[in-house]
There are 2 protein chains.
Amino acid sequence: MRAALSERSGRRRRSDVPEATVARLPVYLRALHVLADGGSSTVSSEALAAAAGVGSAKLRKDLSYLGSYGTRGVGYDVAELVLHVSAALGLGRRWPVVLVGVGNLGHALAGYGGFDERGFCVVGLFDVDPARVGERVGEQVVRHLDELDDVVHSARASIGVITTPASAAQDVCDRLVAAGITSVLNFAPALLQVPAGVDVRKVDLSNELQILSFHEHRKAARALTGVPA
Amino acid sequence: MRAALSERSGRRRRSDVPEATVARLPVYLRALHVLADGGSSTVSSEALAAAAGVGSAKLRKDLSYLGSYGTRGVGYDVAELVLHVSAALGLGRRWPVVLVGVGNLGHALAGYGGFDERGFCVVGLFDVDPARVGERVGEQVVRHLDELDDVVHSARASIGVITTPASAAQDVCDRLVAAGITSVLNFAPALLQVPAGVDVRKVDLSNELQILSFHEHRKAARALTGVPA
DNA sequence: ACGCGCTTGTGAACGCATGCACGAAGTCGA
DNA sequence: TCGACTTCGTGCATGCGTTCACAAGCGCGT
Ligand SMILES: NC(=O)c1ccc[n+]([C@@H]2O[C@H](COP(=O)([O-])OP(=O)(O)OC[C@H]3O[C@@H](n4cnc5c(N)ncnc54)[C@H](O)[C@@H]3O)[C@@H](O)[C@H]2O)c1
Ligand SMILES: NC(=O)c1ccc[n+]([C@@H]2O[C@H](COP(=O)([O-])OP(=O)(O)OC[C@H]3O[C@@H](n4cnc5c(N)ncnc54)[C@H](O)[C@@H]3O)[C@@H](O)[C@H]2O)c1
């Protein structure tokens with residue numbers, strides 16, 4: 001019998017949190033903040049799970065990847081858990097974010113206060129349209145895209161948001177990566193090509209609507225054929 | 001061939017498409033449109049998969065849930081596949097959509113032309129703020145929320161979008177459901193409670209950023225400790 | 001001090017999704 | 001007409017994620 005706990009690839013290490021769990025941590029964190037504001041000092045996995053809209057077993061397993069921060073027979077200390085989840089998400093610091101494409105959607109995002117409340121702050125707005133450059137949006141002034149490198153470097157930003165038309169998205173993405181950005185949130189309906197080490201998340205509102213229409217379609221079909229109540 | 005297809009529960013029926021596949025169909029559809037605009041009349045699973053950013057085996061399996069619309073040795077007919085995928089997504093018709101909460105984000109969505117291009121049309125904008133009601137946004141005039149029932153009923157809308165503050169989201173959702181809406185796209189950071197038969201999809205931009213910051217955090221930690229190369 | 005009830009943390013079973021590998025089926029050229 | 005080549009459709013194995021169920025652990029009341 002050879003080394004039982006091999007650290008061969010494939011084995012899950014201590015600090016290795018499953019992606020599905022990572023995607024739920026922000027939900028838990030928000031639920032915890034609501035509970036904290038409501039005056040709760042401790043919370044059971046059952047109650048927190050209900051507040052987050054998941055099963056309690058799933059919640060416990062998710063939190064167990066971060067460590068053993070609960071007390072058996074009691075539950076979790078809300079304030080303490082907020083700290084641990086925040087730490088896991090890297091929210092111990094405030095992340096500078098740059099946004100490119102200050103159009104319809106970019107304006108809404110730039111003026112949104114919710115980001116600052118959750119650990120992010122916009123340090124730069126960029127566009128190429130001369131009519132946009134110089135415009136004041138929120139606490140920032142829209143800069144020309146050519147200034148991207150300077151701002152990213154001086155603010156040490158590593159997160160970028162793309163709200164340009166799809167046709168410009170890949171080019172903008174390349175410039176973001178060249179400037180040092182290593183995480184991209186993309187609202188344009190385009191598939192971005194990035195080098196290894198750079199993360200991309202895509203938010204596509206049309207996709208969401210089409211997924212809904214798929215289910216609507218099935219509901220309507222089912223109402224006619226299968227189950228007439 | 002005998003009818004060996006039992007319709008036992010648990011068996012996957014013909015029209016039963018896995019949820020993960022449904023979520024990718026809009027991506028394929030968009031890629032197909034790009035290819036069609038580019039002049040391609042047929043496309044192989046390999047090429048379409050590359051355009052959609054997935055593996056070719058996954059793409060073929062996904063499409064196989066809709067039927068056998070490919071030609072071995074050739075590939076898929078682009079125009080034909082567009083029709084089949086559109087049909088599966090229920091895009092044979094144009095879906096009327098109502099939007100509640102014409103603030104920062106609501107304005108951006110209401111003025112967005114991309115929805116109309118993809119099978120949806122906004123048939124009503126609603127708010128409770130007297131200052132907003134009456135304002136012209138895009139091709140619509142903002143109505144008071146009290147008119148929701150009338151509009152939903154007369155336009156036969158079944159899809160609703162919520163862009164109100166989180167505190168009002170559940171109340172607005174209840175009113176949407178009461179008016180007859182059976183699919184909700186929610187941008188407010190709140191967990192919505194809905195009766196069975198109503199679908200909800202949530203889009204939370206802060207969550208997306210926090211997921212990115214998790215990975216950024218790990219990258220930074222790894223750069224210091226593990227792999228200095 | 002001690003047992004009782006409550007809740008966590010986790011091993012194990014299960015189910016879904018992904019990736020591989022290949023037979024089936026169609027096209028194209030000779 | 002036929003054979004070789006191309007690509008689809010899919011059974012199968014693998015891995016990931018979810019759910020179940022329960023022992024371990026902690027606080028509290030007696
Ligand atoms: N508006 C919405 O509600 C909405 C909804 C879903 C998706 N989207 C997507 O978000 C993106 C932006 O949408 P929008 O409505 O804000 O469009 P928009 O045209 O109003 O804004 C786009 C902005 O990007 C700028 N831009 C263009 N090319 C650029 C470049 N190369 N570098 C920097 N900036 C550049 C333009 O000057 C403009 O200000 C689009 O891809 C759209 O499909 C928007
Ligand atoms: N703006 C953004 O970029 C952004 C980003 C992420 C999330 N969000 C979320 O989207 C939602 C809207 O954001 P926003 O920036 O547009 O806020 P906003 O305050 O600009 O707009 C909210 C609108 O909803 C209306 N409203 C309030 N209560 C209502 C009710 N009961 N019925 C109908 N309408 C009502 C208000 O009158 C206002 O017009 C919020 O939940 C926010 O957290 C916004």
Side-chain angles (χ1 to χ4, degrees), chain A residues 4-6 8-14 16-25 27-28 32 35 40-78 80-81 84-85 88 211, chain B residues 1 4-6 8-14 16-25 27-28 31-32 35 40-78 80-81 84-85 88 211:
Chain A
L5 283 189
S6 94
R8 269 286 194 281
S9 69
R11 210 78 203 103
R12 192 182 290 286
R13 270 157 325 189
R14 186 64 170 75
D16 191 6
V17 183
E19 193 55 35
T21 295
V22 173
R24 283 188 293 267
L25 290 180
V27 179
Y28 302 154
L32 283 169
L35 288 168
S40 307
S41 69
T42 65
V43 64
S44 71
S45 67
E46 199 72 42
L48 180 53
V54 300
S56 62
K58 193 188 289 192
L59 176 111
R60 286 199 301 277
K61 181 148 290 216
D62 283 342
L63 294 184
S64 76
Y65 290 114
L66 310 185
S68 291
Y69 300 123
T71 306
R72 296 165 192 246
V74 177
Y76 300 91
D77 183 275
V78 174
E80 187 191 349
L81 196 52
H84 286 299
V85 175
I211 293 168
Chain B
M1 55 177 83
L5 291 184
S6 98
R8 266 265 193 297
S9 70
R11 212 84 202 94
R12 193 180 290 284
R13 271 158 326 188
R14 186 66 169 70
D16 193 4
V17 183
E19 193 56 35
T21 295
V22 173
R24 282 187 293 266
L25 290 180
V27 179
Y28 301 154
L32 283 168
L35 287 169
S40 308
S41 68
T42 64
V43 64
S44 70
S45 65
E46 199 72 43
L48 181 52
V54 301
S56 64
K58 193 189 291 192
L59 175 107
R60 286 199 301 276
K61 184 154 290 208
D62 283 342
L63 293 184
S64 75
Y65 290 116
L66 310 184
S68 291
Y69 300 123
T71 305
R72 294 165 194 246
V74 177
Y76 301 92
D77 183 274
V78 174
E80 187 191 350
L81 196 51
H84 286 298
V85 175
I211 293 168

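Chain identifiers are assigned alphabetically (A, B, ...) following the order of the sequence lines, protein sequences preceding nucleic acid strands; residue numbering begins at 1 within each chain.
Heavy atoms only, all atoms of each residue included: A:Ala88 and A:Leu66 are closest at CB-CD2, 3.7 Å. Shown here for B:Ala49 and B:Ser56, the closest heavy-atom pair between the two residues is CB-CA, 3.5 Å.
The side chain of A:Thr71 lies closest to D:dC26 when the candidates are D:dC26, C:dT18, D:dT18.
Comparing B:Gly70 and B:Gly73 against DNA chain D, the residue whose closest nucleotide sits nearer the 5' end is B:Gly73. Mapped onto DNA chain D by nearest heavy atom, A:Ala20 and B:Gly75 fall at different nucleotides, with B:Gly75 at the one closer to the 5' end.
Atom NE2 of B:His84 and atom C1' of D:dG9 are 16 Å apart (whole Å). Between A:Lys58 atom NZ and D:dC16 atom C1' there is a gap of 13 Å when expressed in whole angstrom units. Look at CG on B:Asp77: it is 15 Å from C1' on C:dG26, rounded to the nearest Å. The nearest whole Å value for the distance from the CG atom in A:Leu63 to the P atom in C:dT7 is 16 Å. For A:Leu59 and C:dG9, the CG to C1' distance is 12 Å, given to the nearest whole Å. D:dC16 atom P lies 11 Å from atom OH of A:Tyr65, rounded to whole Å. Whole-Å rounding puts the A:Glu19 CD to C:dT18 P distance at 14 Å. Rounding to whole angstrom units, CG of residue A:Asp62 and C1' of C:dT10 are separated by 13 Å.
B:Leu63 has its side chain out of reach of B:Tyr69: every pair of non-hydrogen atoms, C-beta onward, lies at least 4.5 Å apart. Residues A:Leu81 and A:Leu48 form a side-chain contact, since some pair of their non-hydrogen atoms from C-beta on lies under 4.5 Å apart. Counting heavy atoms from C-beta outward, B:Ile211 and A:Glu19 have side chains that approach closer than 4.5 Å.
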Please produce a list of atom pairs where a protein N or O lies less than 3.5 Å from an N or O of nucleotides 10-14 of chain D.
residue, atom, partner, partner atom, Å
D:dG11, O6, B:Lys61, NZ, 3.4
D:dC12, N4, B:Lys61, NZ, 3.2

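Near-neighbour residues of DNA chain C inside residues 40-56 of chain B, defined by a heavy atom below 4.0 Å, are absent.
Here A:Tyr69 does not reach the OP1 or OP2 of C:dT7: none of its side-chain N or O atoms lies under 4.0 Å away.
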Could you give me the CA-CA distance, side-chain angles and deciding distance for B:Thr42 and B:Tyr76, then say whether side-chain contact (heavy atoms from CB on, under 4.5 Å) is met? CA-CA 5 Å; B:Thr42 64; B:Tyr76 301 92; over 6 Å; no
Does the side-chain contact (heavy atoms from CB on, under 4.5 Å) test come out yes or no for B:Val78 and B:Ser41, once each step is laid out? CA-CA 5 Å; B:Val78 174; B:Ser41 68; 5.8 Å; no
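We find the OH-NZ distance between A:Tyr65 and A:Lys61 to be 5.5 Å, quoted to the nearest 0.5 Å. Note that CD of B:Glu80 is 7.0 Å distant from OG1 of B:Thr71, once rounded to the nearest 0.5 Å.
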